[in-house]
Asks: 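Got a structure for you, questions after.
Per chain, numbering begins at 1; letters A, B, ... match sequence-line order. Model, not experiment: these values are computed from the prediction. The analysis underlying the following values was restricted to heavy atoms, covering all of them including side chains, and did not include hydrogens, waters or symmetry mates.
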Amino acid sequence: MGASAESRLAQLSDGGEKFVARRIVLLADLDYFYSQAEELRNPSLAGKPVVVCVYSGRTKESGVVATANYEARRFGVRSGMPIALAKKRLSGADAVFLPVDFAYYKEVSERVMRIMKEYSDQLEQVGLDEAYLDISNRVENFVEAEELARELKGRVLREVGLKITVGVGPNKIIAKMASDAAKPDGLMVVKPDDVKSFIAPLPVDKIPGVGKKTAERLEGLGVKTVRDLAQFDPVKLVDEFGDRLGAYLHASSRGEDEDPVVGKAESGSISKIVTLKENTKDQKSILPKVEEICEEIQKRAVKEGILFRTIGIIAITADLGIKTRTKSLPAPTDDLGILKRESSELAKKFLQSTDKELRRIGVHISDFTRRERGQTTLAGYL
DNA sequence: CCTCCACTCTC
DNA sequence: CCGTTTAGTGGAGG
């Protein structure tokens with residue numbers, strides 16, 4: 001999977017021995033991005049706890065924290081935490097709560113990405129606030145890489161006004177772990193010779209892609225640190241976690257990662273979920289929502305020139321369980337009528353199949369093909 | 001091989 | 001006290 005064009009090209013012949021040319025990968029991460037962007041346009045916020053929130057619209061205060069700056073984090077406020085709980089923790093702290101403004105964050109992000117692009121031929125953006133840069137062809141060694149990183153940090157601060165954290169390593173995983181260890185406003189360079197000693201003592205959940213669940217399962221096997229993981233039988237890992245994750249865990253525990261830095265492909269799915277005013281299983285209040293969401297999603301599909309062949313609904317029940325229902329169409333389409341009919345049908349059937357009330361409802365499209373110039377659409381096949 | 005769905009992760 | 005979006009894996013069943 002990792003070994004595509006780029007890394008194959010990097011294989012050089014050396015007296016009959018093959019080796020993969022060493023890469024130098026940089027990860028730049030915009031610190032507590034949404035909150036920092038808010039401080040940027042309103043400097044009077046600096047020094048105060050700033051909490052950027054996704055309001056659900058259910059009640060005045062319902063919703064969760066998207067990002068909190070470090071002043072707020074000192075009070076135990078974290079991403080994903082209910083706003084009400086964050087308020088409790090920050091009571092009497094002169095904190096500021098703001099709603100997310102993605103259009104603004106996107107604009108700020110683009111200014112930063114434009115600068116970053118000058119520092120590599122290959123930039124892989126991850127969300128609005130992160131990007132991997134392959135700087136192998138821009139620097140000779142890790143000392144020069146550190147100079148480049150400092151320069152990048154300086155330029156982003158001077159030209160945009162944002163603090164970033166930069167991690168540098170021989171691959172994406174190490175660059176990411178270095179950045180995580182160095183934030184905020186940090187810089188860490190991990191040379192190939194230092195990889196093992198850097199990662200060995202870290203808990204396994206510091207490995208990108210290892211979250212709470214995987215970490216708990218590993219702990220059940222007596223694996224707490226990356227060192228433990230590196231010593232664990234890879235065959236047993238594959239047994240326990242499957243081919244992909246098992247192999248990934250083994251490789252990453254040894255600091256190995258061939259995944260190339262590549263500009264992201266176009267997205268493979270579009271979805272939108274909304275929170276209902278109150279929990280309900282009433283078709284009359286849910287189906288109009290479904291249709292509304294269909295309209296937005298279809299508009300995006302048309303704008304991006306894509307046809308979808310799979311339609312799905314996503315229901316979050318009152319007990320916060322996630323249920324999905326999908327249907328594949330006989331042919332790709334971007335027809336709004338089809339999207340509405342099929343998603344309403346899926347929603348109706350789902351509602352009939354359960355006793356649970358819904359808290360949120362959403363629509364999903366996937367299995368895309370690009371609409372060719374002048375391609376006829378197969379509307380009305382029903 | 002395809003379809004459907006649960007689950008995990010991340011920001 | 002409870003958001004949003006996307007990618008990916010894997011199992012069950014056909």
Asks: What does A/Ser79 touch in the nucleic acid at a heavy-atom separation under 4.0 angstrom: a base, only the sugar-phosphate, or nothing?
Replies: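 No contact.
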Asks: Mind checking A/Arg300 for me? I need base, sugar-phosphate or nothing, with any heavy atom below 4.0 Å counting as a touch.
Replies: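 Sugar-phosphate: the residue A/Arg300, judged by heavy atoms under 4.0 Å, touches backbone atoms but no base.
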Asks: Going from CG on A/Asp129 to CG on A/Leu30, what distance comes out if it is rounded to the nearest 0.5 angstrom?
Replies: 6.0 Å
Asks: Side chains of A/Asp31 and A/Thr165: do they bring a donor and an acceptor to under 3.5 Å?
Replies: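 Side chains of A/Asp31 and A/Thr165: pair found under 3.5 Å.
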Asks: When you check the gap from the basic side-chain N to the acidic O, do A/Glu342 and A/Lys327 get nearer than 4.0 Å?
Replies: yes
Asks: Figure out the CE/P separation between A/Met81 and C/dC1, and round it to whole Å.
Replies: 13 Å
Asks: For A/Lys60 and C/dC1, what is the distance between atoms NZ and C1' respectively, to the nearest whole Å?
Replies: 17 Å
Asks: Can you tell which of C/dC2, C/dT4, C/dG10 lies closest to the side chain of A/Thr275?
Replies: C/dT4
Asks: Using a 4.5 Å cut-off on heavy atoms from C-beta on, say whether the side chain of A/Phe33 contacts that of A/Leu162.
Replies: yes
Asks: Please classify the nucleic acid contact of A/Arg309 as base, sugar-phosphate, or nothing, using heavy-atom distances under 4.0 Å.
Replies: sugar-phosphate
Asks: Check the distance between C/dG3's C1' and A/Ile361's CD1 and give it to me in whole angstrom.
Replies: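 Roughly 15 Å, once rounded to whole Å.
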Asks: Tell me: CD1 of A/Ile316 to C1' of C/dG3, nearest whole Å?
Replies: 9 Å
Asks: A/Ser62 near the nucleic acid: base, sugar-phosphate alone, or nothing, with a heavy-atom cut-off under 4.0 Å?
Replies: sugar-phosphate
Asks: Would you kindly give the CG-to-P distance between A/Leu320 and C/dG3, to the nearest whole Å?
Replies: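 The distance from CG of A/Leu320 to P of C/dG3 comes to 8 Å, rounded to the nearest Å.
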Asks: Check whether any side-chain N or O of A/Ser269 sits under 4.0 Å from OP1 or OP2 of C/dT5, and answer yes or no.
Replies: no
Asks: Could you tell me whether A/Gly211 contacts a base, only the sugar-phosphate backbone, or nothing, with contacts defined as non-hydrogen atoms closer than 4.0 Å?
Replies: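 Sugar-phosphate contact only.
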Asks: Starting at atom CZ of A/Arg360, determine the distance to atom C1' of C/dT5, rounded to an integer number of angstrom.
Replies: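 Spelled out: CZ on A/Arg360 to C1' on C/dT5 is 10 Å.
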Asks: Would you call A/Lys48 and A/Glu71 a salt bridge, taking side-chain N to carboxylate O under 4.0 Å as the test?
Replies: no
Asks: Salt bridge check: are A/Lys176 and A/Glu130 linked by an N-O gap of less than 4.0 Å?
Replies: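 Counted as a salt bridge, because a side-chain N and a carboxylate O are separated by less than 4.0 Å.
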Asks: Is the shortest side-chain N to carboxylate O distance from A/Asp319 to A/Lys356 below 4.0 Å?
Replies: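 Yes, charged N to carboxylate O under 4.0 Å.
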Asks: Touch check for A/Ile83, heavy atoms < 4.0 angstrom, all strands: base, sugar-phosphate only, or nothing?
Replies: nothing
Asks: If I take atom CD1 in residue A/Ile270 and atom P in nucleotide C/dT5, what distance separates them, rounded to the nearest angstrom?
Replies: 11 Å
Asks: Taking a pair as Watson-Crick (N1 to N3 plus N6-O4 or O6-N4) or G-U wobble (N1-O2 and O6-N3), both under 3.5 Å, which stems of 3 or more consecutive pairs involve DNA chain B?
Replies: B:1-8 with C:7-14
Asks: What's the closest nucleotide to the side chain of A/Arg359 if the choices are C/dT6, C/dG3, C/dG10?
Replies: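 Between C/dT6, C/dG3, C/dG10, the one nearest the side chain of A/Arg359 would be C/dG3.
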Asks: Where the side chain of A/Ala84 is concerned, which of C/dT6, C/dC1, C/dG10 is the nearest nucleotide?
Replies: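 Closest nucleotide among those given: C/dC1.
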Asks: Identify the 5'-most and 3'-most nucleotides of DNA chain B with at least one atom closer than 4.0 Å to a non-hydrogen atom of chain A.
Replies: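 Taking any atom under 4.0 Å from a heavy atom of chain A, the span is B/dT3 to B/dC11.
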Asks: Pick the closest DNA chain C nucleotide for A/Leu245 and for A/Pro82 by heavy atoms, then say which residue is nearer the 5' end.
Replies: A/Pro82
Asks: Going by heavy atoms in the side chains, are A/Leu351 and A/Leu358 under 4.5 Å from each other?
Replies: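 Yes, side chains in contact.
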Asks: Look at all strands and tell whether A/Lys176 reaches a base, only sugar-phosphate, or nothing, counting heavy atoms closer than 4.0 Å.
Replies: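 Since only primed, P, OP1 and OP2 atoms lie under 4.0 Å of A/Lys176, the category is sugar-phosphate.
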Asks: Rounded to whole Å, please give me the gap between NE2 in A/His364 and C1' in C/dT6.
Replies: 8 Å
Asks: Please step through side-chain hydrogen bond (donor to acceptor under 3.5 Å, both in side chains) for the pair A/Gln122 and A/Tyr132, ending with a clear verdict.
Replies: CA-CA 8 Å; A/Gln122 215 46 250; A/Tyr132 290 97; over 6 Å; no
Asks: Looking for any heavy atom pair under 4.0 Å, which part of the strands does A/Gly268 touch: base, sugar-phosphate only, or nothing?
Replies: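 Answer is sugar-phosphate: A/Gly268 comes under 4.0 Å of backbone atoms only.
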Asks: So what does A/Thr310 touch, heavy atoms closer than 4.0 Å: a base, only the sugar-phosphate, or nothing?
Replies: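 Since no nucleic acid heavy atom lies under 4.0 Å of A/Thr310, the category is nothing.
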Asks: Does anything in residues 68-96 of chain A form a ring-ring contact (aromatic ring centres under 6.0 Å, His included)? List the pairs, not counting sequence neighbours.
Replies: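 Pairs touching residues 68-96 of chain A that pass the test: A/Tyr32-A/Tyr70.
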Asks: With respect to the side chain of A/Lys272, which nucleotide from C/dC2, C/dG10, C/dT5 is positioned closest?
Replies: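 Among the listed nucleotides, the one closest to the side chain of A/Lys272 is C/dT5.
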Asks: Is there a ring pair (Phe, Tyr, Trp, His ring centres under 6.0 Å) between A/Tyr34 and A/Tyr105? Walk through the geometry before answering.
Replies: CA-CA 7 Å; A/Tyr34 301 165; A/Tyr105 308 144; 4.5 Å; yes
